[in-house]
Amino acid sequence: MNYIMACVDRKMAKKKQEEQRDWECTSSPTTPMHPADRVRALGVELVPFDQAIAAADFISPHMPLTPTTNKLFNDETFPKMKKGLRIINVSRGGVIDEDALVRALDSGTVSQAALDVFREEPPPKDSRLVLHENVIVTPHLGASTKEAQEGVAIEIAEQ
């Protein structure tokens, strides 16, 4: 099974290396955000974006929303993906073009999506994406846990 992280930072790369020991999968990261030598120093092999999305069974983007990443997953990129893949987005709304994701779900390119971030938060109750039978939606609460708040405080203090 192939897994893609669309953007890798040091913490995510180390976590992914640990996860791979437990999961029988490979990672195909691609990162527009960090120098390749920095990522390779962590023992992570980078691949071009189009190659990564074509091979992936799961896509989990981890990136900020910038002009470069805005709607990075869209009507151009979905057809390049393996039919039946799954998308998990818990990073930033807007990285995935939500209308294009509905079309990819309807066509079977994407078999399932799990989302806790949206371009508009909260998403409209009548959103075709939220109501889609192959989509799991949860509130974006990851940073609201005690552990997450402590982690952010430590990270800020270390900077």
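For Arg119, the side chain to side chain donor-acceptor pair (under 3.5 Å) test picks out Asn70, with sequence neighbours left out. With sequence neighbours excluded, the residues forming a side chain to side chain donor-acceptor pair (under 3.5 Å) with Lys80 are Asp50, listed by chain and number.
A pairwise comparison of heavy atoms in Asp116 and Val90 identifies OD1-CA, 3.0 Å as the closest pair. Residues Ser91 and Pro61 come closest through the heavy atom pair OG-O, 3.0 Å. Nearest heavy-atom pair, Ser111 versus Gly84, reported as atom, atom and distance to 0.1 Å: OG-O, 2.8 Å. Across every non-hydrogen atom of Asn74 and Lys71, the tightest pair is ND2-O, 2.7 Å.
A distance of 5.5 Å separates CD1 of Ile96 from CG of Leu101, quoted to the nearest 0.5 Å. Summarising the geometry, atom CE belonging to Met81 is positioned 14.5 Å from atom CZ belonging to Arg86; distances are rounded to the nearest 0.5 Å. In this structure, CD1 on Ile136 lies 9.0 Å from CD1 on Ile88, to the nearest 0.5 angstrom.
Clustering ILVMFWY residues whenever any of their side-chain heavy atoms sit less than 4.5 angstrom apart, transitively, puts Val135 in the very cluster that holds Val102. Hydrophobic cluster membership is shared by Leu115 and Ile53, with clusters built from Ile, Leu, Val, Met, Phe, Trp and Tyr side chains linked at under 4.5 angstrom. In terms of hydrophobic clustering, with Ile, Leu, Val, Met, Phe, Trp and Tyr side chains grouped at heavy-atom distances under 4.5 Å, Phe118 and Leu65 are assigned to a common cluster.
Screening residues 94-115 for salt bridge (charged side-chain N to carboxylate O under 4.0 Å, His left out) gives Asp75-Arg103, Asp106-Arg128 as the qualifying pairs, with residues at least two apart or on separate chains.
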(request) Begin with the C-alpha distance, continue with both residues' side-chain angles, and end with the deciding distance and a verdict on side chain to side chain contact (heavy atoms under 4.5 Å, CB included) for Asn89 and Phe73. (result) CA-CA 11 Å; Asn89 189 12; Phe73 298 94; over 6 Å; no
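Residues Phe49 and Leu72 meet the side-chain proximity criterion, which asks for heavy atoms closer than 4.5 Å. The shortest side-chain heavy-atom distance between Leu105 and Phe78 does not fall under the 4.5 Å cut-off.
Side chain of Thr69 to main chain of Pro64: a donor-acceptor pair is present (N/O by atom type, distance under 3.5 Å, no hydrogens or angles). Lys125 places no side-chain N or O within donor-acceptor distance of the main-chain N or O of Val130, the cut-off being under 3.5 Å.
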